[in-house]
Amino acid sequence: MTALKVLFIGGTGIISSACSRRAVAVGLDLTVLNRRTTTTRVLPAGVRVVQADVRDPASVHAALGAETFDVVADFIAFTPQHAQTDIDLFAGRTGQYVFISSASAYQKPVGRLPIVESTPLRNPHWQYSRDKIACEDQLVSSYRSHGFPATIVRPSHTYDETLIPLMGGWTDIDRMRRGLPVVVQGDGTSLWVMTHHDDFAKAFVGLLGHPQAIGDSFHITSDEWLTWNQIYHLMAAAAGVEPVLLHIASDTIAAADPELGASLLGDRAHSVVFDNSKVKALVPDYVAAIPFATGARQIVDWYDADPARQVVDDQLNATFDALVAAAR
Ligand SMILES: NC(=O)c1ccc[n+]([C@@H]2O[C@H](COP(=O)([O-])OP(=O)(O)OC[C@H]3O[C@@H](n4cnc5c(N)ncnc54)[C@H](OP(=O)(O)O)[C@@H]3O)[C@@H](O)[C@H]2O)c1
């Protein structure tokens, strides 16, 4: 059987690196296109790397010529312009085009749980999510009018060892280790879903070249539901400390730091639970097998392995100190 010929735009990112490994492991003929500037993650042997900047379509044309693919997946399209560039580049040259959207596109506040793919898309709080929705609209329209073979994939919070899911990133781990309180939104009891990138990749690669995925959308997440308090405690346990959690309303945090506020009010302050049965219908062996207790240890081990990775954000620290002082 001839291997599926696949192009990933990205391929060495948090999510796409695991997809590259999985694609090679299941025997796909994988090309990745990127600028060759990300060196944190090593591609497996057998991947062809093409250097181009996807924000400069001429460089993509120059790198790929008239080549055709069975599947093109773009991991780094964020605006309708990016989606249009891909439609212009790949219409008639690929059997499937996969757009990486975001589960943050689902309506906020969430109207009904669990979230299914037909949950309305609306996010008044976060421009990033509105842009992803606009990309999706454009691709759906292009599929309807011209048969552009788009598949939309919506990851939720998907991590590798480099991604600390806490509001303050490494700054929070550093605070925990110094015995300082860390700020947790709300009362920490809202539900969240953390998906390991190796788990995500299993379902994602199963959708590649799948004829029933064309024109359709899927989220891919773990089935492990955790409260934010549990997530902070698991990270603290991995860091070898007992944390002091200080609960502060998301609105109050947003008033102190609008950027943190957008990602809270537009995303992580809302309880989410996902029904993954749609992707499982097409990829029946998909099971998310890595609990966050394991993932948390991988993350802390990675940061502990090299002090250069342990960057404390002084401005964020000052924001947290002010919030803690005001709360007390
Ligand atoms: N992680 C999450 O929790 C989450 C949740 C929802 C949605 N998402 C979506 O997932 C996607 C991110 O995927 P990821 O984690 O694999 O990406 P990533 O970690 O942001 O990595 C970016 C990848 O794209 C390449 N790249 C960046 N700019 C480029 C350019 N101008 N031209 C060509 N290549 C470029 C990078 O390689 P070079 O630097 O070498 O070019 C790297 O391979 C985004 O669309 C995001 O919205 C993520």
Side-chain angles (χ1 to χ4, degrees), residues 102-116 119 123 125-126 129 154-161 163-177 179-197 199-200 219-254 256-257 260-276 287-300 303 316 320 323-324 327-328:
S102 166
S104 67
Y106 288 121
Q107 77 181 168
K108 299 290 171 324
V110 180
R112 186 161 62 95
L113 291 175
I115 292 171
V116 290
T119 294
N123 193 326
H125 303 285
W126 206 6
S129 311
R154 302 184 188 121
S156 186
H157 206 148
T158 306
Y159 66 95
D160 71 354
E161 65 277 15
L163 192 143
I164 298 172
L166 311 181
M167 209 188 317
W170 180 260
T171 303
D172 275 339
I173 303 291
D174 180 67
R175 289 179 72 88
M176 286 177 181
R177 283 186 167 162
L180 295 175
V182 291
V183 173
V184 180
Q185 74 274 10
D187 59 11
T189 57
S190 59
L191 291 173
W192 198 243
V193 176
M194 297 296 309
T195 306
H196 193 285
H197 71 162
D199 280 334
F200 176 92
H219 49 243
I220 298 172
T221 80
S222 165
D223 291 316
E224 182 185 54
W225 309 338
L226 297 167
T227 66
W228 275 104
N229 285 336
Q230 285 176 303
I231 293 171
Y232 276 82
H233 275 281
L234 287 169
M235 288 298 295
V241 291
E242 185 62 37
V244 181
L245 304 187
L246 188 79
H247 295 114
I248 297 185
S250 297
D251 286 338
T252 309
I253 300 170
D257 185 327
L260 282 182
S263 76
L264 289 176
L265 299 174
D267 199 25
R268 52 174 78 192
H270 301 267
S271 276
V272 292
V273 167
F274 297 93
D275 176 347
N276 284 293
V287 177
I290 305 170
F292 188 63
T294 303
R297 287 197 298 273
Q298 291 177 355
I299 294 168
V300 174
Y303 278 86
L316 206 50
F320 289 147
L323 283 166
V324 170
R328 284 178 167 171

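Note that the numbering runs from 1 along the sequence shown for the chain.
For the side-chain contact (heavy atoms from CB on, under 4.5 Å) criterion with L166, the lone passing option out of I231, T171, V184, V182 is I231.
Judged by distance alone, the side chain of T158 and the main-chain N or O of S156 form a donor-acceptor pair under 3.5 Å. Between the R297 side chain and the A238 main chain, no donor and acceptor come within less than 3.5 Å of each other. Judged by distance alone, the side chain of N276 and the main-chain N or O of T221 form a donor-acceptor pair under 3.5 Å. Proximity of a side-chain donor or acceptor of S271 to a complementary backbone N or O of L191 within less than 3.5 Å is detected. Looking only at distances, a side-chain donor or acceptor of H270 sits under 3.5 Å from a matching main-chain atom of L265.
Considering only heavy atoms from C-beta on, Q230 stays 4.5 Å or farther from F292 through its side chain. Residues W126 and K108 have side chains not in contact (no heavy-atom distance under 4.5 Å, counting atoms from C-beta outward). Under the 4.5 Å side-chain criterion, counting only non-hydrogen atoms from C-beta, E224 is not in contact with D199. For the pair R175 and V183, the minimum side-chain heavy-atom distance is 4.5 Å or more. Considering only heavy atoms from C-beta on, D257 comes within 4.5 Å of L316 through its side chain. Proximity of T195 to Y159: side-chain heavy atoms (C-beta onward) are nowhere separated by under 4.5 Å. Side-chain contact between D172 and Y232 is present, with heavy atoms from C-beta onward closer than 4.5 Å. At least one side-chain heavy atom of N229 sits less than 4.5 Å from a side-chain heavy atom of H247.
The stretch residues 228-246 participates, sequence neighbours left out, in no salt bridge (Lys or Arg N to Asp or Glu O under 4.0 Å) pair at all. Sorted pairs that involve residues 260-272 and meet salt bridge (Lys or Arg N to Asp or Glu O under 4.0 Å), not counting sequence neighbours, are lacking altogether.
Closest of all the heavy-atom pairs between Q185 and S250 is CB-OG, 3.4 Å. Minimum interatomic distance between A239 and I173 (heavy atoms only, all atoms of both residues): CB-CG2, 4.1 Å. The shortest non-hydrogen separation linking A327 to I248 is CB-CD1, 4.2 Å. Between P165 and M194 the shortest heavy-atom distance is CB-CE, 3.6 Å. Between R177 and V300, the shortest heavy-atom contact is NH2-CG1, 3.7 Å. Of all non-hydrogen atoms in M167 and L264, the two that sit nearest each other are SD-CD1, 4.2 Å.
Contacts of S129 classified as side-chain hydrogen bond (donor to acceptor under 3.5 Å, both in side chains), with partners at least two apart in sequence or in another chain: S104, N123. Considering only residues two or more places apart in sequence or on other chains, D187 meets the side-chain hydrogen bond (donor to acceptor under 3.5 Å, both in side chains) condition with T189. Legend: residues meeting side-chain hydrogen bond (donor to acceptor under 3.5 Å, both in side chains) with D160, ordered by chain and number and at least two apart, are R41, T162. Annotation: side-chain hydrogen bond (donor to acceptor under 3.5 Å, both in side chains) contacts of H157 (sequence neighbours excluded): W192.
The local environment of CH2 in W170 is crowded, with over 12 non-hydrogen atoms from other residues, nucleotides or ligands closer than 6.0 Å.
Between the CE atom in M176 and the NE2 atom in H233 there is a gap of 8.5 Å [rounded to 0.5 Å].
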Task: From CA spacing to verdict: side chain to side chain contact (heavy atoms under 4.5 Å, CB included), F320, L260 - done: CA-CA 11 Å; F320 289 147; L260 282 182; 4.2 Å; yes
